[in-house]
Amino acid sequence: MTKEPTKPRHAPAKLASARLELQHEIEQFLYAEAELLDWRRFEEWYDHLADDLHYYMPVRFNRTAREMDHEFARANEAAHFDDDRQSMLVRIKRLRTNMAWAEEPASRTRHLITNVRIKPAQDDELEVRSCFMLYRNRAERDVDIFVGERHDVLRRSDKPLGWCVGKRTIYLDQATILAKNISIFF
């Protein structure tokens with residue numbers, strides 16, 4: 001009886017393994033980022049924002065079915081956030097003054113990240129989409145829940161978490177924000 005030669009490992013198996021490793025790495029980055037925000041370690045989080053960051057949350061509108069292509073404000077229209085890295089630093093510094101009334105006392109948040117999807121972009125960049133639920137509690141009775149999707153561009157970096165956020169676009173599911181303010185980070 002002759003023994004059949006063993007088949008070499010196929011490239012698709014190696015590719016699938018590499019994709020799983022990358023998926024895990026990106027998910028761990030997003031979870032670590034969420035933890036930094038939830039524990040108000042904003043300066044550490046800021047270190048993972050790229051120099052050319054664009055942090056953007058367009059306003060959402062209620063539209064009829066035939067107008068769904070205008071559901072979100074365009075780039076030159078209204079936005080809840082339209083920040084760069086420098087304006088994010090200003091926001092963080094303001095929170096540390098103890099004079100930011102919207103965050104005195106500070107919000108308690110819990111970021112839940114799910115449905116992470118990854119697509120290679122260019123060079124060391126990835127397009128990453130994820131869903132989030134952001135629970136916020138402040139003072140005695142203020143409770144807000146934000147739900148939506150984030151479209152990120154992540155880049156490999158030498159930062160402690162191995163990645164940085166080059167671009168984040170936040171799409172809230174709600175068209176009307178009932179919170180008294182949105183002074184938190186998504």
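All values below come from the heavy atoms of this structure, side chains included, with hydrogens, waters and symmetry mates left out.
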Do [X] side-chain atoms and [Y] backbone N/O form a donor-acceptor pair below 3.5 Å?
X	Y	value
Arg150	Phe186	yes
Arg40	Ser107	yes
Arg60	Leu172	yes
Gln23	Val116	yes
His48	Glu33	no
Asp84	Gln86	yes
Gln174	Ile145	yes

Please report the closest heavy-atom contact between [X] and [Y], naming both atoms and the distance.
X	Y	answer
Phe72	Pro58	CD2-CG, 4.1 Å
Arg155	Ala50	NH1-CB, 3.3 Å
Ala75	Tyr56	CA-OH, 3.6 Å
Pro120	Leu126	CA-CD2, 3.8 Å

>> Is a donor from one side chain sitting under 3.5 angstrom from an acceptor on the other, for Asp82 and His54?
In response: yes
Quick one: pull up [atom1] in [X] and [atom2] in [Y] and give me the separation to the nearest 0.5 Å.
X	Y	atom1	atom2	result
Leu134	Asp38	CG	CG	7.5 Å
Leu154	Ile26	CG	CD1	5.0 Å
Cys164	Asp47	SG	CG	11.0 Å
Ser130	Arg168	OG	CZ	7.0 Å
Leu30	Phe132	CG	CZ	12.5 Å
Glu104	Leu95	CD	CG	10.0 Å

> Knowing that exactly one of Arg85, Lys93, Arg91 qualifies, which makes a side chain to side chain contact (heavy atoms under 4.5 Å, CB included) with Leu89?
Replying inline: Lys93
>> I want to check something: taking the side chain as every heavy atom from C-beta on, are His80 and Ile170 in contact at a cut-off of under 4.5 Å?
In response: no
> Is the shortest heavy-atom distance from the side chain of Phe29 to the side chain of Val165 under 4.5 Å?
Replying inline: yes
>> Restricting to side-chain hydrogen bond (donor to acceptor under 3.5 Å, both in side chains), what partner residues turn up for Asn137, sequence neighbours left out?
In response: Arg108
Look at the side-chain heavy atoms of Ile, Leu, Val, Met, Phe, Trp and Tyr, link any pair under 4.5 Å apart, and say whether [X] and [Y] land in one connected group.
X	Y	answer
Trp39	Phe42	no
Tyr31	Met133	no
Leu53	Ile184	yes
Val143	Phe146	no
Ile113	Leu161	yes

>> Holding to side chain to side chain contact (heavy atoms under 4.5 Å, CB included), I want the full list of residues that pass it with Val153, two or more places apart in sequence or in another chain.
In response: Glu125, Lys167
> Checking salt bridge (Lys or Arg N to Asp or Glu O under 4.0 Å) against Arg117, which of Glu149, Glu27, Glu127 comes through?
Replying inline: Glu149
> Hey, which of Lys180, Arg136, Arg138, Arg110 is the one that makes salt bridge (Lys or Arg N to Asp or Glu O under 4.0 Å) with Asp144?
Replying inline: Arg136
>> Between Tyr55 and Leu49, is the side-chain contact (heavy atoms from CB on, under 4.5 Å) condition met? List the steps.
In response: CA-CA 9 Å; Tyr55 186 89; Leu49 303 179; 5.8 Å; no
> Can you list the steps and then say if Arg156 with Glu25 is a salt bridge (charged side-chain N to carboxylate O under 4.0 Å, His left out)?
Replying inline: CA-CA 11 Å; Arg156 282 235 182 252; Glu25 186 179 342; 2.6 Å; yes
> Aromatic rings Phe185 and Trp45: how do their planes relate, parallel, tilted or perpendicular, breaks at 30° and 60°?
Replying inline: tilted
